[in-house]
A.B. asks: 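So that we are looking at the same thing, I have put the structure below in structure tokens.
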Amino acid sequence: MILVNENKKQFHLQNDQVSYIIHILKNDHVGHLYFGKRISHSEDFSYLYNEGERAATSYVYEGDLNFSLDLVQQEYPVYGTTDYRYPALHIEQENGSRVSNFTYQSHQIYQGKPELTGLPQTYTEDESEAETLEILLYDSLLQAELVLCYTIFKDYGVITRSSRIINKGPQFFQLDRALSASIDFFDSNYDMVQLSGSWSRERHVKERALESGVQSIGSTRGTSSSQQNPFYALKRKHTTEDQGEVYGFSLVYSGNFLAQVEVDHYDMARASIGIQPFDFSWKLEQGESFQTPEAVLVYSDEGLNGMSQTYHQLYRNRLVRGEWRDQTRPVLINNWEATYFDFDEEKILQIASEAKDLGVELFVLDDGWFGNRNDDTTSLGDWFIDESKLPNGIKDLSEKVTALGLDFGLWFEPEMVSKVSELYKAHPDWLISVPGRGMSHGRNQYVLDFSRQEVVDYIYNQMAAILREAQITYVKWDMNRYMTEIGSGVLSSERQKEVPHRYILGVYDLYERLTSEFPHILFESCASGGARFDPGMLYYAPQTWTSDDTDAIERLKIQYGTSMVYPLSSMGAHVSEVPNHQVRRVTSLKTRAEVAFFGMFGYELDPTKMSEAEKEEVRAQVEFYKHYRSLIQTGNFYRLLTPFEGDQNQTAWMVVAEDQSTALIGYYQILARANDGFKRLQLKGLEPDAKYNIQESHSYEDYRVEPGAMERFGDEIMYAGLNLGPGYSGTQAGGIEETGDFTSKLWVLKKV
Ligand code: DGJ
């Protein structure tokens, strides 16, 4: 997969989908030649290289008016010499210099993929799945090594990149900026797609045309955040969901990040991604090294959906790890919206036993079971049972729930502490804070200093004791505030800007220890819903609570946007009660389930308050989901109608089994219209010549009746479209449940 011209020092990484070509420049830095659709291998790619005299720039060599770093495409630009764009690496040295000059020394190519110690990453199961190129560069004045690492996967249109800086000399230096990847694209004729939002409206799709100058998104909040996701795509102007070129940049990291594109004066686009340089620095003493997180670069010429499917497959199969990667996930019930903090053992057991009767498999006890936590002002950090609520302890409760025939899951917020807590009393210095400054709070809570090993150890011991003692098969790991007044009591002054990254390394360390000791536990990450929905988290926790917003209609945008990068197997999606707690909207149980079906399904309501008819419907929903969940977890996902464009009144998506034998289609109408036109929905991903049996849901009873009423060929329903029926004309009574506001339709397709 990696072909080298030793003479010209050109490297061609290729599989049957993509080519990535780099070379060593005249000054021994690494240059970029091409990334995109696979091209034939040539002995010499110098043809793709340009240099030449231009007015008003600076040149590297005396007597040479051709070679300027301002003009050439680079791979990992450093600061200081003739390039005026933002670099990937910026190093402040003991003598005050910020100029560096890393030159090519050697390279090595090997099968498989190296391990990035302490960081999340994609992996191979068998070395033949990928090949890696490492380029070693050296700055002789700095006495520092820079290793650029590239992996190409055999079966995915993917290149992963990271870099490592090692101080070999006697002087220390500070990394002010050490990104994971940077590429200079030959032109800038792209639109940038990003996933932006806020609490409860995470990962909405936004697009803008690239323009001269810098366009960037990022986080300075201590976590990847709900405001911006560590991802962007660059797509050609004509690129659609299914056709055209698109490049994806995704960072396997959960902390502060920067994702930036800089369009220069020759309309080249420098696309980069990595740890947020603002308020970051990292000191390297002799012998110390710094490893950047991994960036995952995807190329697809099959539109945004092509890019998404590559991310879905890679992240589902080679980022998520452990026993739960391939196991079907349990249908769960979570008591948060059912009880909030107000529960006791009796109430919990009532909910659990009712849920069992509905077919639910896992009961999750959310916030409020520990310390003395009756609201959000106290007890974080005190991971021992609140006996006033649960007098018989967590072990006993877990056994009682298990005896009902359900698995038992528990909520933690490991990284936080309340001032009203035993932990704070004992260790007031364990918080992230800055001497002499106030300590802002978020949700009345404070951030533990996870850059300190003893803090991580303490929380590990607290959590592990409970997980060892009780019968727990699932953990919801929450995190409900961003960082402020960032500082650590134990680090020296010149290392204070290391705190946010050290903190995330501490979080990863805790996750690693817990997932290793308790491999049977399914971890679901959460950060006030989706404020840390990133690939870094998925390495440890196969699912993430997608959003605190459980309203089915709001979820259309959230789940649609999330699917740009993340597979359905990673998205927690629950049916909650109405009026909805976030937006007060009333939607039918049918619509709520038919949105949540396209995720890892569960309920977040009090089933003891449901009518018999509702319970019967829920039973059928659960039965339906169990029947199709492995398809939902492993199938190929297609977005059909976007809630972000046009009149934003419809959304549709579908998931198709790998062997194209079965598919599920969800169609959602936001508001009903009088005198609406007739509609057809063009499907995707089916076998064109195969005949499919089409079964539409009117009630869940339908799914039990086999076979469906209609059979059509795949090509007809893909190209001509699935006929959505006459709809509601606006002149007759009736039909409201199926065609009114906030309604949905669900079809099951089975190859005949
Ligand atoms: C925020 C989470 O997103 C919710 O699901 C819930 O667990 C609360 N925290 C509990 O405090």
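Note that this is a predicted model, so its numbers are computed, not measured. Counting starts at 1 for both ligands and their atoms, following the listed order.
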A.B. asks: Provide the number and element of each atom of ligand 1 under 4.0 Å from a heavy atom of C526.
C.D. replies: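 Near C526, the atoms of ligand 1 are 2 (C), 3 (O).
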A.B. asks: Check this for me, if you would: do R619 and E616 make a salt bridge, where the nitrogen-to-carboxylate-oxygen distance has to be below 4.0 angstrom?
C.D. replies: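 Counted as a salt bridge, because a side-chain N and a carboxylate O are separated by less than 4.0 Å.
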A.B. asks: Report the part of E337 in contact with ligand 1, treating N, CA, C, O as backbone and CB onward as side chain, heavy atoms under 4.0 Å; options are side chain, backbone, both, neither.
C.D. replies: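 None of E337 does.
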A.B. asks: Any carboxylate oxygen within less than 4.0 angstrom of a Lys/Arg side-chain nitrogen, looking at E554 and R592?
C.D. replies: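 Between R592 and E554 there is no salt bridge, as every charged N stays at least 4.0 Å from the carboxylate O atoms.
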A.B. asks: Please could you name the atoms of ligand 1 that W545 approaches to less than 4.0 Å, counting only its heavy atoms?
C.D. replies: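 In order of numbering, the contacting atoms are 3 (O), 5 (O).
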A.B. asks: Provide the number and element of each atom of ligand 1 under 4.0 Å from a heavy atom of K476.
C.D. replies: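 So the atoms of ligand 1 that pass are 4 (C), 5 (O), 6 (C), 7 (O).
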A.B. asks: Is it the side chain, the backbone, both or neither of N480 that has a heavy atom closer than 4.0 Å to ligand 1?
C.D. replies: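 Within the 4.0 Å criterion, N480 contacts ligand 1 through side-chain atoms alone.
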A.B. asks: If the threshold is 4.0 Å, N to carboxylate O, is there a salt bridge linking R452 and D429?
C.D. replies: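 Looking at D429 together with R452, the answer is yes, because their closest N to O distance falls below 4.0 Å.
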A.B. asks: Using a strict 4.0 Å cut-off to heavy atoms of G529, name the atoms of ligand 1 that fall inside it.
C.D. replies: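 It comes down to these atoms of ligand 1: 3 (O).
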A.B. asks: I want to know whether F624 and F597 have ring centres closer than 6.0 Å.
C.D. replies: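 Centroid distance F624-F597: below 6.0 Å, so yes.
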A.B. asks: Checking ring pair (Phe, Tyr, Trp, His ring centres under 6.0 Å) between W430 and each of Y458, Y424, Y446, which is the one that passes?
C.D. replies: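 Only match with W430 under ring pair (Phe, Tyr, Trp, His ring centres under 6.0 Å): Y458.
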A.B. asks: Considering L380, D367, N335, which one's heavy-atom position lies nearest to atom 11 (O) of ligand 1?
C.D. replies: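 Among L380, D367, N335, the closest heavy atom to atom 11 (O) of ligand 1 belongs to D367.
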A.B. asks: Between ligand 1 and W411, is the shortest N or O to N or O distance under 3.5 Å?
C.D. replies: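 Yes - when backbone and side-chain N and O of W411 are compared with those of ligand 1, one distance drops under 3.5 Å.
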A.B. asks: Check this for me - ligand 1, R373, N or O atoms closer than 3.5 angstrom, yes or no?
C.D. replies: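 No, there is no polar N/O contact under 3.5 Å.
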A.B. asks: Is there a ring-ring contact (aromatic ring centres under 6.0 Å, His included) between Y253 and F257? Walk through the geometry before answering.
C.D. replies: CA-CA 8 Å; Y253 189 58; F257 73 95; 8.6 Å; no
A.B. asks: Tell me the closest heavy-atom pair linking K590 and E617, and the distance in Å.
C.D. replies: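 Nearest pair, atom of K590 first, then E617: N-OE2, 3.5 Å.
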A.B. asks: Do you know which two heavy atoms are closest between Q445 and M416, and how far apart they sit?
C.D. replies: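 Looks like NE2-CG, 3.3 Å.
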A.B. asks: Give the residue, atom name and distance (to 0.1 Å) of the protein heavy atom nearest atom 7 (O) of ligand 1.
C.D. replies: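 Scanning the protein heavy atoms, the shortest distance from atom 7 (O) of ligand 1 goes to D366 OD1, 2.7 Å.
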A.B. asks: Answer yes if the ring centres of W545 and H574 are under 6.0 angstrom apart, and no otherwise.
C.D. replies: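 Centroid distance W545-H574: below 6.0 Å, so yes.
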A.B. asks: In terms of residue, atom name and distance, what is the protein heavy atom nearest to atom 4 (C) of ligand 1?
C.D. replies: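 Looking only at protein heavy atoms, the one closest to atom 4 (C) of ligand 1 is D548 OD1, 3.4 Å.
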A.B. asks: Taking 4.0 angstrom as the limit and counting only heavy atoms of S528, give me the atoms of ligand 1 inside it, by number and element.
C.D. replies: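 Going through ligand 1 atom by atom, the ones under 4.0 Å from S528 are 1 (C), 3 (O).
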A.B. asks: What's the shortest distance from atom 9 (N) of ligand 1 to any protein heavy atom, and which residue and atom give it?
C.D. replies: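 Minimum-distance protein heavy atom for atom 9 (N) of ligand 1 reads D478 OD2, 2.7 Å.
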